Engineer: 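Sending over a structure as structure tokens; questions will come in a sec.
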Amino acid sequence: IEEQEEPDMSRRGYRNTKPMQLPTFDGKSNFEDFIMSFQLAANTHVLNQREMGERLAASMKGKALGVIRAMKPKDRTKYNLIVKNMRKKYCSRGVKNRWEAQFTNRKMKKNEDVQKYADELEDLHASAFPDDIKDGKLLLQRFTDGLTKNLREKVTLTFPKTYHEA
């Protein structure tokens, strides 16, 4: 898998100074759609984890705000912890089971672009196993196992330790 392309050096450190249009979440809509929109907005504005946590907490309304309220005060702006708690509350076990099944059964299709396969697998992994994001061992194993036989042999011979090495 190729690493994401490095941004243009002339833009390094560039922060979008336009006011950030944050989506809000009240617990009634799909949380995964919301968090995807939030992450896109955060990436556009080059926010760090602390800023993302603060703005994510501020974007909660109604019943979703109750999830933030139930957290320890020192944790209320921790982005990854907020996302984890929101997924516990708003992503049903049935949906999570479906993501896990799709992830487990996803194989590269004949004539499919490797990058497309990798992107879809990475998205399923993030949804089904949010606690494995840093480690990524499940993703590496599933990625390798799901490759076509020819590609799997080539990748296995490189002995990748991480998904990105594969």
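Source: prediction; values computed, not measured.
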Engineer: Roughly how far, to the nearest 0.5 Å, is CG of N105 from CD of E100?
Structural biologist: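 Reported value, rounded in 0.5 Å steps: 11.5 Å.
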Engineer: Once rounded to the nearest 0.5 Å, what's the spacing between atom CG of L124 and atom OG1 of T104?
Structural biologist: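 Output value for this atom pair is 9.5 Å.
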Engineer: Decide yes or no on side chain to side chain contact (heavy atoms under 4.5 Å, CB included) for E122 and L139, but give the supporting numbers first.
Structural biologist: CA-CA 7 Å; E122 204 168 345; L139 181 57; 4.1 Å; yes
Engineer: Working note: E51 + R55, criterion salt bridge (Lys or Arg N to Asp or Glu O under 4.0 Å); need CA distance, chi angles, decisive distance, verdict.
Structural biologist: CA-CA 6 Å; E51 292 168 326; R55 296 202 180 164; 5.6 Å; no
Engineer: Counting the benzene-type ring for Trp, do Y90 and F25 have ring centres under 6.0 Å apart?
Structural biologist: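 Under 6.0 Å, so yes.
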Engineer: Would you list the pairs meeting salt bridge (Lys or Arg N to Asp or Glu O under 4.0 Å) in which at least one residue belongs to residues 26-44, sequence neighbours left out?
Structural biologist: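 Found E32-R87.
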Engineer: Roughly how far, to the nearest 0.5 Å, is CZ of R106 from CG of D123?
Structural biologist: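 Atom-to-atom, D123:CG and R106:CZ are 10.5 Å apart.
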Engineer: Check M108 against V114 and note the closest heavy-atom contact, atom names and distance.
Structural biologist: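 The answer is CE-CG2, 3.5 Å.
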Engineer: Out of curiosity, does I68 fall in the hydrophobic cluster containing L56 (side-chain heavy atoms, cut-off under 4.5 Å, transitive links)?
Structural biologist: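 In one cluster with L56: I68, yes.
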Engineer: Which atom names give the shortest non-hydrogen contact between A64 and G27, and what distance separates them?
Structural biologist: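 Nearest pair, atom of A64 first, then G27: CB-N, 3.9 Å.
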Engineer: Looking at V83, I82, T77, L81, which hits side chain to side chain contact (heavy atoms under 4.5 Å, CB included) with Y79?
Structural biologist: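 Answer after filtering V83, I82, T77, L81: V83.
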Engineer: Hey, is the main chain of M71 close enough, under 3.5 Å, to the side chain of R76 for a donor-acceptor pair?
Structural biologist: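 Side chain of R76 to backbone of M71: a pair is present.
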Engineer: Is the closest side-chain donor-acceptor distance between Q39 and N43 under 3.5 Å?
Structural biologist: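 There is no such pair (donor and acceptor under 3.5 Å, judged by atom type) between the side chains of Q39 and N43.
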Engineer: Could you grab the distance from atom NZ of K110 to atom OG1 of T148, nearest 0.5 Å is fine?
Structural biologist: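 Result: 10.5 Å between the selected atoms.
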Engineer: Does the T158 side chain pair with the main chain of V155, one donor and one acceptor, at a distance under 3.5 Å?
Structural biologist: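 Indeed, once roles are kept as given, a pair shorter than 3.5 Å links the two residues.
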Engineer: List the residues meeting salt bridge (charged side-chain N to carboxylate O under 4.0 Å, His left out) with K154, not counting sequence neighbours, and say none if there are none.
Structural biologist: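 Salt bridge (charged side-chain N to carboxylate O under 4.0 Å, His left out) list for K154, sorted by chain: empty.
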Engineer: Looking at K116 and E120, is there a salt bridge between them, counting it only when a charged N and a carboxylate O are closer than 4.0 Å?
Structural biologist: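 Yes.
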Engineer: Can you find a heavy atom in the side chain of R142 that is under 4.5 Å from one in the side chain of K107?
Structural biologist: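 Answer yes - side chains close enough.
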Engineer: Answer yes if M36 and M52 sit in the same cluster of Ile, Leu, Val, Met, Phe, Trp and Tyr residues linked by side chain heavy atoms under 4.5 Å apart, and no otherwise.
Structural biologist: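 Looking at the clustering, M52 is in a separate group from M36.
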Engineer: Atom CG in L65, atom OG in S59: separation rounded to 0.5 Å?
Structural biologist: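 Going from the CG atom of L65 to the OG atom of S59 covers 10.0 Å.
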Engineer: One thing to verify: whether K72 and D75 come together as a salt bridge, which I'm taking to mean a side-chain N less than 4.0 angstrom from a carboxylate O.
Structural biologist: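 Salt bridge: no.
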Engineer: At what distance, to the nearest 0.5 angstrom, does CG of L147 lie from CD of E153?
Structural biologist: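 Interatomic distance, L147 CG to E153 CD, rounded to 0.5 Å: 11.0 Å.
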Engineer: Does the side chain of M60 reach to within under 4.5 Å of the side chain of V67, using non-hydrogen atoms?
Structural biologist: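 Of all side-chain heavy-atom pairs linking V67 with M60, none is under 4.5 Å.
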Engineer: Kindly write out the residues that satisfy ring-ring contact (aromatic ring centres under 6.0 Å, His included) with F38, not counting sequence neighbours, or none if the list is empty.
Structural biologist: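 If we apply the ring-ring contact (aromatic ring centres under 6.0 Å, His included) test to F38, skipping adjacent residues, there are no hits.
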